[in-house]
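It should be emphasised that the depicted structure is a prediction, and the values quoted were computed from it without experimental measurement.
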Amino acid sequence: MASPYIAATSIFAVFMIILVGQNGDKKRISKILFVISGAITAGFVIMCIIMTVVNKVRDSFTETFMDFFFYAIFLLLPAAILAATALFLRGNTVLLVVGAAVCAAIIALMLILQVLWIMTLPALITAVVCVILAVLAHKKKEV
């Protein structure tokens with residue numbers, strides 16, 4: 001369900017990397033990506049607060065948790081891809097590897113909780129993006 005958002009975010013991230021390759025202003029574009037990622041994360045927090053206040057009486061804890069989970073798929077994972085792109089532009093391989101490890105932990109938790117395997121795809125895509133960008137950033141430093 002979140003694949004259109006993640007695909008759009010990934011395409012945007014690739015576009016930003018290409019743009020930086022042409023103009024060379026890595027710091028400025030990485031700051032823009034961090035701001036967009038932060039704004040998306042803030043939107044997630046606001047949606048969770050609104051949902052908690054509005055659904056306080058109606059929903060059970062499990063329903064509220066699942067709602068948070070779906071908002072996280074739609075909002076936090078694209079934000080993570082943008083943040084990973086910004087880290088790549090800054091050449092920070094360590095944080096990219098940490099991001100991949102966190103995504104792997106999320107996947108493991110989701111599988112332990114026995115959610116549908118297809119729901120792990122956004123975290124898997126984000127982990128793959130982080131690993132690819134970490135390898136590319138590491139190769140850039142070696143050259």
Side-chain angles (χ1 to χ4, degrees), residues 1-56 59 61-143:
M1 291 184 338
S3 58
Y5 297 101
I6 293 171
T9 304
S10 300
I11 291 168
F12 180 74
V14 168
F15 172 73
M16 291 306 249
I17 291 171
I18 292 169
L19 185 65
V20 166
Q22 292 174 354
N23 293 341
D25 194 5
K26 294 178 183 181
K27 282 224 181 234
R28 182 174 175 205
I29 292 181
S30 66
K31 284 180 186 178
I32 292 169
L33 290 174
F34 278 132
V35 167
I36 294 170
S37 178
I40 293 171
T41 304
F44 168 73
V45 171
I46 291 168
M47 291 301 287
C48 289
I49 291 170
I50 290 171
M51 192 173 48
T52 302
V53 171
V54 170
N55 295 335
K56 196 171 193 177
D59 290 345
F61 174 76
T62 307
E63 290 171 338
T64 304
F65 177 76
M66 286 307 292
D67 288 342
F68 286 163
F69 177 75
F70 284 118
Y71 279 124
I73 289 175
F74 286 117
L75 296 171
L76 292 185
L77 291 174
I81 291 173
L82 291 177
T85 305
L87 291 172
F88 168 73
L89 293 175
R90 291 181 177 232
N92 196 330
T93 56
V94 174
L95 289 178
L96 286 168
V97 171
V98 169
V102 168
C103 288
I106 290 170
I107 293 167
L109 177 65
M110 291 168 73
L111 292 175
I112 289 169
L113 293 174
Q114 298 178 348
V115 298
L116 292 174
W117 67 270
I118 199 155
M119 293 179 145
T120 63
L121 288 179
L124 179 63
I125 291 167
T126 305
V128 168
V129 167
C130 285
V131 168
I132 290 170
L133 293 178
V135 169
L136 290 174
H138 183 69
K139 284 185 179 180
K140 260 188 182 178
K141 284 184 179 180
E142 287 182 353
V143 173

Roughly how far, to the nearest 0.5 Å, is CG of L136 from CZ of F88? 5.0 Å
Distance from T41 atom OG1 to I36 atom CD1, nearest 0.5 Å? 11.5 Å
Of T93, L87, T85, the one forming a side chain to side chain contact (heavy atoms under 4.5 Å, CB included) with L133 is T85
So, using side chain to side chain contact (heavy atoms under 4.5 Å, CB included) as the criterion, who are the partners of A80 when residues are at least two apart? T126
Check residues 97-112 and write down every donor-acceptor pair under 3.5 Å in which the side-chain atom is one partner and the other belongs to a residue at least two apart or another chain.
none

Indicate the atoms forming the closest heavy-atom contact of L82 with S37, along with that distance. CB-CB, 4.2 Å
Keeping S30 on the side-chain end and A86 on the backbone end, is there a donor-acceptor pair under 3.5 Å? no
